[in-house]
Trainee: 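This is the structure I want to talk about, given as structure tokens.
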2 protein chains.
Amino acid sequence: MDPLSDATTGLLPRLLQLRTLLNRGQLYEQAAQDAGVALDRPAMTILVILDAADHPLRVGEIATRMQVVGPHVTRHLNSLQKRALIIRVPDPEDQRARLIALTPSGQQMVDRYTSTVNGWFTAALAQWPDHDRTELMRLLTRLTSDLTTQFDALAAGGTPTDED
Amino acid sequence: MDPLSDATTGLLPRLLQLRTLLNRGQLYEQAAQDAGVALDRPAMTILVILDAADHPLRVGEIATRMQVVGPHVTRHLNSLQKRALIIRVPDPEDQRARLIALTPSGQQMVDRYTSTVNGWFTAALAQWPDHDRTELMRLLTRLTSDLTTQFDALAAGGTPTDED
DNA sequence: TATTGTTATACTCTATAACTATA
DNA sequence: TATAGTTATAGAGTATAACAATA
């Protein structure tokens, strides 16, 4: 067994544990409560994505970034729009598409949420040396990027009998 | 705004992206297919947990490690037992409890699965300098640990009006 | 009486299929 | 004919409630 395997053998359980931690409502529900927002998790995820993008996004683009399917996004957009947290404007470049933008109150809500969560992260990492924090960001970014590339390649080449 | 905030502001979107990556079936389904296993994700998670523990675990312990609730584990154990991938043995220390152990075929299945996934990780990180891989493991371990501590504290102190 | 686990039921999240409108 | 989005329906995953057995 080569040393590369040894170096990555521990990755799977670590990532599963991290996923578990992030997935279960705990984090989200606590943050939602502390921030005073009453929104389900996928809806808040949409707001966070719009906030991070810094400009309006198409429905399909939101779906891609969430790694979910279009109709799922539509459903949550409907309820977000009813609550006036987002608006749909026609895309000037393509009349079929819509651009989704945060309303001021949507922006306000996502700001409250993210600042709550960021406060927790800051507290959790308060004892870390600066260098470790910097490295974590860098390695996490590269890990996500490399895993995405790897999985995309696997998905593309996964069923060679099916390609046409 | 202090520098600590700046250093952790980017953590939320990064973790959300990683969660997205790990969550959506893609990874699991591809691995299950490549490894030739036909099992749903939570069932496989149970096998991975048992494998990582290296000794039989109680139902409650599995639930805790999965961050889910008891009945959810029971349901999957029933189907895993029907397929002879796990066995339930009475805990000698407490007749109420059961210890869940992998059968040889269960062990074989989880081995196939983990070696497939570890192979991907190894490939994805093949270009990384050794030092980065080591650091990733270390920082990921500490991150998970510190976040867990943080969230537990939040959950415990989250509703001070409720304490008694 | 408290705890371990099970059974039964309900809810949340996400996917697939069928459709509408524009390209 | 292909693409962006929506509506309607179905399925996977997880939680809550009620119960049985042992401590």
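In what follows, chains are A, B, ... by sequence order, proteins preceding strands, each numbered from 1.
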Trainee: State, without any angle test, whether A:Arg14 and B:Thr144 hold a side-chain donor-acceptor pair at a distance under 3.5 Å.
Mentor: no

Trainee: Considering only NZ, NE, NH1 and NH2 on the basic side and carboxylate oxygens on the acidic side, decide whether A:Arg58 and A:Asp91 come within less than 4.0 Å.
Mentor: yes

Trainee: Report the distance from atom CD of A:Gln81 to atom P of D:dT7, rounded to the nearest whole Å.
Mentor: 10 Å

Trainee: From C-beta outward on B:His72, which listed nucleotide comes closest to its side chain: D:dA23, C:dC13, D:dG13?
Mentor: D:dG13

Trainee: Please report the distance, rounded to the nearest Å, between CZ in A:Arg88 and P in D:dG5.
Mentor: 10 Å

Trainee: In whole Å, I'd like the distance from the CZ atom of A:Arg41 to the C1' atom of D:dA15.
Mentor: 12 Å

Trainee: Let me know the distance between CD1 of B:Ile62 and P of C:dG5, rounded to the nearest Å.
Mentor: 9 Å

Trainee: Over all strands shown, is B:Val69 touching base, sugar-phosphate only, or nothing at heavy-atom distances under 4.0 angstrom?
Mentor: base

Trainee: Could you work out which one of C:dA17, D:dG5, C:dC13 sits closest to the side chain of A:Pro71?
Mentor: C:dA17

Trainee: Rounded off to whole Å, could you give me the CD1-to-C1' distance for the A:Ile46 and C:dT14 pair?
Mentor: 12 Å

Trainee: Contact class for B:Asp94 vs. all strands (heavy atom < 4.0 Å): base, sugar-phosphate, or nothing?
Mentor: sugar-phosphate

Trainee: Starting from C1' on D:dT22, measure out to CG on B:Leu99 and report it in whole angstrom.
Mentor: 15 Å

Trainee: Just to confirm, is there a sub-4.0 Å distance from OP1 or OP2 of D:dT7 to any side-chain nitrogen or oxygen of A:Asn78?
Mentor: yes

Trainee: Taking the minimum atom-to-atom distance to the side chain of B:Ala97, which one of C:dG5, D:dA23, C:dC13 wins?
Mentor: C:dG5

Trainee: Given C:dT7, C:dA21, D:dT14, identify the nucleotide with an atom nearest to the side chain of B:Pro42.
Mentor: D:dT14

Trainee: Provide, to the nearest angstrom, the distance between the NE2 atom belonging to B:His76 and the P atom belonging to D:dA15.
Mentor: 10 Å

Trainee: If you only use heavy atoms from C-beta on, which nucleotide in C:dT22, D:dG5, D:dT14 is closest to the side chain of A:Gln95?
Mentor: C:dT22

Trainee: Does any donor atom in the side chain of A:Asp146 or A:Gln150 lie under 3.5 Å from an acceptor atom in the other side chain?
Mentor: no

Trainee: Indicate, with a heavy-atom threshold strictly under 4.0 Å, whether B:Arg75 touches base, sugar-phosphate, or nothing.
Mentor: base

Trainee: Which of the following nucleotides, D:dT6, C:dG5, C:dT3, is nearest to the side chain of B:Arg96?
Mentor: C:dT3

Trainee: Rounded off to whole Å, could you give me the CG-to-C1' distance for the A:Asp91 and C:dA23 pair?
Mentor: 13 Å

Trainee: Can you find a pair of side-chain heavy atoms, one from A:Leu22 and one from B:Leu16, that are under 4.5 Å apart?
Mentor: no

Trainee: Under 3.5 Å, is there a donor on one side chain and an acceptor on the other for B:Arg88 and B:Asn78?
Mentor: yes

